[in-house]
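Residues: numbered from 1 along the sequence shown. Scope of the values below: all heavy atoms of this structure, side chains included, with no hydrogens, waters or symmetry mates.
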Amino acid sequence: MGGDHGPSVTLPACQAFLAAHPQAELLLVGLPEALAPAANWPRCTIVAASEVVAMDDPVEVALRRKKDSSMRVAINQLKAQGEQAPKADACVSAGNTGALMAVSRYLLKTLDGIDRPAIASVMPTQLGGYTTMLDLGANVDCTAEHLLQFAVMGSALVAAVDGKEEPKVGLLNIGEEVIKGSEVIKRAGELLRQADAAGQLNFFGNVEGNDIFKGTVDLVVCDGFVGNVALKTAEGLAGMIGAILREEFSRNWLTKAAAVLALAVLKRIKGRVDHRRFNGAALLGLRGLVFKSHGSADAFAFENALNRAYDAARNRLLDRVHDRIIATLQTMPSAADAGTEAGKQVNEAGASGDKATSVVHAA
């Protein structure tokens, strides 16, 4: 129900997704009258909700007042009900980002060893692929231990979705040298090098902003403030370049003729940097798979968000994150025994052998 366009975009995207994935099933959550066109679709079930979280609703409204919102009901599908297994493997929403994070964290809780969830998404590179980056806005202030947790979660995401079992991890900094950066960044570098030495991570070292687009590493780690600024800067730059190209190619009849000649090249460039191909940010660190689609997504972009969630579920992303974070922090007393909430969770999990709840049914 969320996003700028609601079911007029999400329903066609869901229909295309089902056609492309004959093994998948969908639970469509929202107002029954809005989802009526999908009533007879195969492998599709409508789950009714009586309320919708608006894009401008405060987090408090989503958490405390709209308890039967489509967002909340959808996230609840990821929870086991008594002895009954979860009804869904993953939840995808184009709705209010702050509300989605707050409701997800309230209902699902964080995995053992994780203090805070983080938002992870991808940026295109000049090599033709993409770089995964986190955090992109969930946590403005982070400790070195948080950045280590982000690196572990992000590595599990890249391994699960992209098939790179040992992805290269870079720490975003103002220079490649170890001595550069704030005290938090320096300390995070130490923890990441320790994790690399213990065989828990493939840490490349410090990277700079331009490395994101060079494809120097598979995963870039930073706090949410820096990550969100980098993301919005990249989006703004791409938009500006596109506007300048359109302006210059339409300046006179000669430039318009040049545009016709260059049309094939321009289309290929647009395809390589098309943000719709990279839609679908993972909310990592929760006891359930939640993916955030851009609010302005069209049907093509929303289908790609569904694809990313589906790949994450099929490749057991939850289990991979849990196993990596426990293994990493247990080998690093400086992180696990620092008195943080994550350290206590790791020690308890290690003693009891408990694991986070896994989702087992197709969604």
Side-chain angles (χ1 to χ4, degrees), residues 1-7 9-10 13-14 26-31 34-35 47 49-79 86-111 114-122 133-140 150 153 157 224 227-228 231-232 275 278-297 301-310 312-313 317-318 321 359 363:
M1 299 298 300
D4 297 344
H5 311 291
V9 158
T10 55
C14 288
L26 286 179
L27 306 178
L28 303 186
V29 185
L31 306 178
L35 303 181
V47 180
S50 61
E51 298 173 302
V52 175
V53 175
M55 296 298 281
D56 58 353
D57 275 345
V59 170
E60 293 78 13
V61 171
L63 271 176
R64 297 172 185 167
R65 297 184 193 173
K66 295 186 176 181
K67 295 188 177 181
D68 194 45
S69 69
S70 56
M71 181 181 290
R72 186 166 184 145
V73 173
I75 295 168
N76 262 323
Q77 306 306 302
L78 303 180
K79 293 182 62 178
K87 296 179 180 179
D89 285 302
C91 172
V92 182
S93 172
N96 183 316
T97 304
L100 183 67
M101 176 62 83
V103 174
S104 298
R105 187 170 183 180
Y106 175 75
L107 293 177
L108 301 176
K109 314 305 180 188
T110 56
L111 288 167
I114 301 295
D115 285 336
R116 302 178 181 180
I119 298 175
S121 191
V122 296
M133 189 170 175
L134 79 165
D135 178 26
L136 294 179
N139 306 282
V140 174
F150 296 168
M153 294 191 294
L157 173 65
N228 194 264
L231 175 66
K232 298 299 172 60
H275 65 88
F278 309 106
N279 188 42
L283 275 57
L284 294 179
L286 300 167
R287 293 176 182 263
L289 294 178
V290 180
F291 280 74
K292 173 66 174 71
S293 165
H294 204 294
S296 63
F302 194 80
E303 183 186 353
N304 279 320
L306 291 170
N307 290 336
R308 289 188 67 78
Y310 181 65
L317 176 59
L318 271 185
V321 170
V359 277

Closest approach of Asp115 and Arg105, non-hydrogen atoms and distance? O-NH2, 2.9 Å
What's the separation between atom CD1 in Ile75 and atom OG in Ser69, rounded to the nearest 0.5 Å? 7.5 Å
Go through the structure and list residues passing side-chain hydrogen bond (donor to acceptor under 3.5 Å, both in side chains) with Asp4, not counting sequence neighbours. none
Starting from the C-alpha separation in whole Å, work towards a yes-or-no answer on side-chain contact (heavy atoms from CB on, under 4.5 Å) for Leu231 and Met133. CA-CA 9 Å; Leu231 175 66; Met133 189 170 175; over 6 Å; no
Side-chain contact test, heavy atoms from C-beta onward, threshold under 4.5 Å: evaluate it for Arg287 versus Leu318 and give yes or no. no
How long is the straight-line distance from OG1 of Thr10 back to CG of Leu26, given to the nearest 0.5 Å? 10.5 Å
Report the residues that fulfil side-chain contact (heavy atoms from CB on, under 4.5 Å) with Ala282, sequence neighbours left out, ordered by chain and then residue number. Leu157, Leu284, Phe291
If I compare all heavy atoms of Ala120 with all of Leu136, which pair ends up nearest, and what's the gap? C-CD1, 4.4 Å
side-chain hydrogen bond (donor to acceptor under 3.5 Å, both in side chains) involving Ser293 - partner list, sequence neighbours excluded: Asn279
Sorted by chain and number, sequence neighbours left out, side-chain contact (heavy atoms from CB on, under 4.5 Å) with Ala99 holds for Val53, Ala62, Met71, Asn96
Give me the atom names and distance for the closest heavy-atom approach of Met101 to Pro117. SD-CB, 3.8 Å
Given Val47 and Lys87, is the side-chain contact (heavy atoms from CB on, under 4.5 Å) satisfied, shown in steps? CA-CA 11 Å; Val47 180; Lys87 296 179 180 179; over 6 Å; no
If you look at every heavy atom in Ala49 and Val73, which pair is closest and at what distance? CB-CG2, 4.0 Å
On a heavy-atom basis, which atom in Leu100 and which in Lys292 lie closest, and how many Å separate them? CD2-CD, 3.7 Å
Rounding to 0.5 Å, atoms CG (Leu28) and CE (Met1) come to a distance of 11.0 Å
Any residue meeting side-chain contact (heavy atoms from CB on, under 4.5 Å) with Lys232, in chain and number order, not counting sequence neighbours: Asn228, Glu235
Taking the side chain as C-beta and beyond, is there a heavy-atom pair between Ser70 and Glu51 under 4.5 Å? no
Kindly write out the residues that satisfy side-chain hydrogen bond (donor to acceptor under 3.5 Å, both in side chains) with Lys66, not counting sequence neighbours, or none if the list is empty. Asp57
With a 4.5 Å heavy-atom cut-off, do Arg308 and Val122 have their side chains touching? yes
Distance, nearest 0.5 Å, that separates CG of Leu286 from CZ of Arg116: 14.0 Å
Minimum heavy-atom distance between Ala138 and Ala118, given as atom pair plus value: CB-CA, 4.2 Å
Quick one: list whatever passes side-chain hydrogen bond (donor to acceptor under 3.5 Å, both in side chains) with His294, sequence neighbours left out. Ser296
Using the side-chain contact (heavy atoms from CB on, under 4.5 Å) criterion, which residues pair with Leu63? Sequence neighbours excluded. Val59, Ala102, Val103, Tyr106
